[in-house]
Amino acid sequence: VWRLADATIVHSFSGSRVSFSADGSRLAAGGGSPNNYLAVREIPSEELVNSFSDGGGILSPDGQILATGFNFDGEISLWDVASGDLLQTLNNGGEVRTLAFSPDGRMLASGGGGVDPDSTIKLWSVSDGALLHTLFGHGIGTRSLDFSPDGQMLISSGTDVGYERSIRFWRTADGTLFKTLDPGRSVPSVAFSPDGSTFVYGRIDGLVAVANTPTEADPTCNNGVCDPGEDCHTCPTDCISGTGAAACGDGICQPAAGE
């Protein structure tokens with residue numbers, strides 16, 4: 001862990017995943033293998049609060065809940081940090097690659113794909129484990145997720161059908177797609193700025209870019225018009241009629257088929 005003011009290392013822990021609480025008073029570090037426990041510590045004292053053997057995970061904004069489940073079996077666990085008690089178990093339906101808490105801690109987003117074909121993004125209620133929305137877009141895999149500071153938008157990066165790379169913005173209230181951007185290369189990580197007006201993404205070729213957060217939705221999505229090549233999964237109301245409607249399962253809108 002580095003101090004930004006003078007680029008000094010102030011803490012060092014083993015493992016492959018690190019997550020802070022929103023105020024920086026707690027840190028979860030470790031994971032990477034079943035034998036490398038994930039430890040939650042007070043910062044700056046490094047006093048151990050609790051440890052968990054469930055791979056890697058992330059802390060809720062208030063530091064009271066730990067979400068674990070970076071695995072291939074699709075199981076996500078929510079733990080009470082202080083007691084170590086299991087609060088909820090969620091079934092992602094396939095490999096879990098990325099997790100993110102909403103700023104108020106009420107929602108958890110999970111994304112998967114890769115080895116398992118379920119590459120959807122799911123939004124969960126933290127309090128009762130209920131599935132709120134399933135987001136279809138990254139047809140092959142989701143790599144990174146982050147909520148906007150007001151919790152009204154979710155940003156994701158991943159690989160789409162045809163191995164095209166995209167950054168997508170979603171409305172969290174109803175799970176609808178707001179905007180799709182083409183970053184040019186694979187993007188392992190995306191994040192909003194503290195005020196949400198910009199976002200940053202890192203590409204696999206080493207490029208790190210800062211861009212303005214979109215304020216206008218894609219005009220062609222869910223407008224009742226089937227545009228050639230449009231993604232039926234993210235714009236479902238545009239691909240529901242015609243002789244070829246059943247073919248929408250392939251994910252691509254085909255006007256010539258009557259869709």
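Note that the structure is predicted; figures quoted are calculated from it, not measured.
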Under the salt bridge (Lys or Arg N to Asp or Glu O under 4.0 Å) rule, collect the residues that match up with Glu75, sequence neighbours excluded. none

Non-neighbouring partners of Arg203 that pass salt bridge (Lys or Arg N to Asp or Glu O under 4.0 Å), sequence neighbours left out: Asp205

How would you list, by chain and number, every residue that makes a side-chain hydrogen bond (donor to acceptor under 3.5 Å, both in side chains) with [X], sequence neighbours excluded?
X      : result
Ser60  : Asp62
Ser102 : Asp104
Arg171 : Thr176

Only counting residues at least two apart or in another chain, list the ones meeting side chain to side chain contact (heavy atoms under 4.5 Å, CB included) with [X].
X      : value
Val208 : Val200
Asp195 : Ser193, Ser197
Pro61  : Ala22, Phe101
Asn91  : none

Could you note down all residue pairs passing salt bridge (charged side-chain N to carboxylate O under 4.0 Å, His left out) where residues 142-155 supplies at least one of them, sequence neighbours left out? none

For residues 42-52, the salt bridge (charged side-chain N to carboxylate O under 4.0 Å, His left out) pairs (sequence neighbours left out) are Arg26-Glu42

ILVMFWY cluster membership beyond Leu27 - transitive side-chain contacts under 4.5 angstrom: Val1, Val10, Phe13, Val18, Phe20, Ile43

